[in-house]
Visitor: 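One structure, as structure tokens, below. Some questions next.
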Amino acid sequence: MEMIGYIGGVLLGICAIPEVIRTYQDKRCHLGWPFLLLWFLGEVFMEIYAIDLWDYPLMFNYTFNLVIVGILLYYKLKKMKKLFSGAVNII
């Protein structure tokens, strides 16, 4: 049963890889802030829950997804920083 959990975790993580590739190629995240923040917070809380249970397949899944959403947030924040630094230079 544990192997089924790992396979499910990998498959769920793979779902986001096309978006990560698109984000990396465009150097900007196309997803909205509400979606990214809810996804990130959901993963953090579920990671805490999985750690409390010592459920390795869940911990693997949530850690993998935190890495993916972390990459997306990095590019979202990078683009935001660039926008704000341009606005400061105009003023």
Side-chain angles (χ1 to χ4, degrees):
M1 258 338 231
E2 195 167 294
M3 184 54 74
I4 290 174
Y6 282 110
I7 292 169
V10 168
L11 292 175
L12 286 172
I14 288 173
C15 291
I17 298 228
E19 187 61 34
V20 171
I21 292 169
R22 178 180 170 200
T23 296
Y24 179 74
Q25 288 172 340
D26 294 349
K27 303 294 186 223
R28 71 181 202 82
C29 180
H30 301 273
L31 300 175
W33 276 110
F35 180 82
L36 283 172
L37 292 177
L38 287 171
W39 185 7
F40 177 74
L41 290 174
E43 296 294 341
V44 168
F45 288 126
M46 290 307 296
E47 180 75 37
I48 293 167
Y49 176 71
I51 290 170
D52 184 57
L53 293 177
W54 286 102
D55 189 331
Y56 291 108
L58 286 179
M59 286 190 281
F60 174 78
N61 177 30
Y62 299 130
T63 301
F64 188 69
N65 279 297
L66 276 169
V67 170
I68 288 172
V69 76
I71 292 168
L72 296 172
L73 281 169
Y74 168 78
Y75 280 102
K76 192 74 165 176
L77 289 168
K78 186 176 174 182
K79 180 74 173 179
M80 192 172 164
K81 182 180 174 187
K82 193 182 285 187
L83 288 173
F84 280 118
S85 67
V88 171
N89 291 337
I90 293 172
I91 298 172

Visitor: Establish whether Leu12 and Phe40 are linked, either directly or via other cluster members, by ILVMFWY side-chain heavy-atom contacts under 4.5 Å.
Guide: no
Visitor: Rounded to the nearest 0.5 Å, what's the gap from CE on Met59 to CG on Leu66? Could you check?
Guide: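 So the CE of Met59 and the CG of Leu66 are separated by 13.0 Å.
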Visitor: With rounding to the nearest 0.5 angstrom, report the CG to CG distance, Leu41 to Leu36.
Guide: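 The CG atom of Leu36 is 11.0 Å from CG of Leu41, to the nearest 0.5 Å.
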Visitor: Are the side chains of Val10 and Phe60 in contact, using a 4.5 Å heavy-atom criterion?
Guide: yes
Visitor: Please tell me whether Ile4 and Tyr56 are part of a single hydrophobic cluster in this structure, the criterion being side-chain heavy atoms less than 4.5 Å apart.
Guide: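 Hydrophobic grouping puts Ile4 apart from Tyr56.
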Visitor: Establish whether Phe35 and Val67 are linked, either directly or via other cluster members, by ILVMFWY side-chain heavy-atom contacts under 4.5 Å.
Guide: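 The answer is yes; both residues are in one hydrophobic cluster.
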Visitor: Under the 6.0 Å and 45° cation-pi test, does Lys27 pair with Tyr24?
Guide: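 Yes.
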Visitor: Do the side chains of Leu73 and Trp39 get nearer than 4.5 Å, heavy atoms only?
Guide: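 With C-beta onward as the side chain, the pair stays apart.
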Visitor: Around atom OH of Tyr75, are there more than 12 heavy atoms from other residues, nucleotides or ligands closer than 6.0 Å?
Guide: yes
Visitor: Of Asn61, Thr63, Leu58, which is the lone residue that meets side chain to side chain contact (heavy atoms under 4.5 Å, CB included) with Glu47?
Guide: Thr63
Visitor: Identify the two heavy atoms, one from His30 and one from Asp26, that lie closest to each other, and give their separation to 0.1 Å.
Guide: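 The pair with the smallest heavy-atom distance is NE2-OD2, 2.6 Å.
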Visitor: Applying the 4.5 Å side-chain criterion to the ILVMFWY set and letting contacts propagate, would Leu53 and Met46 be lumped into a single cluster?
Guide: yes
Visitor: Restricting to non-hydrogen atoms, name the atom on Ala16 and the atom on Ile68 that form the minimum distance, rounded to 0.1 Å.
Guide: CB-CG2, 3.5 Å
Visitor: Would you say the side-chain atoms of Lys76 pair up with the backbone N or O of Leu31, donor to acceptor, closer than 3.5 Å?
Guide: yes
Visitor: Any chain of hydrophobic side-chain contacts (each under 4.5 Å) joining Tyr6 to Tyr62?
Guide: no
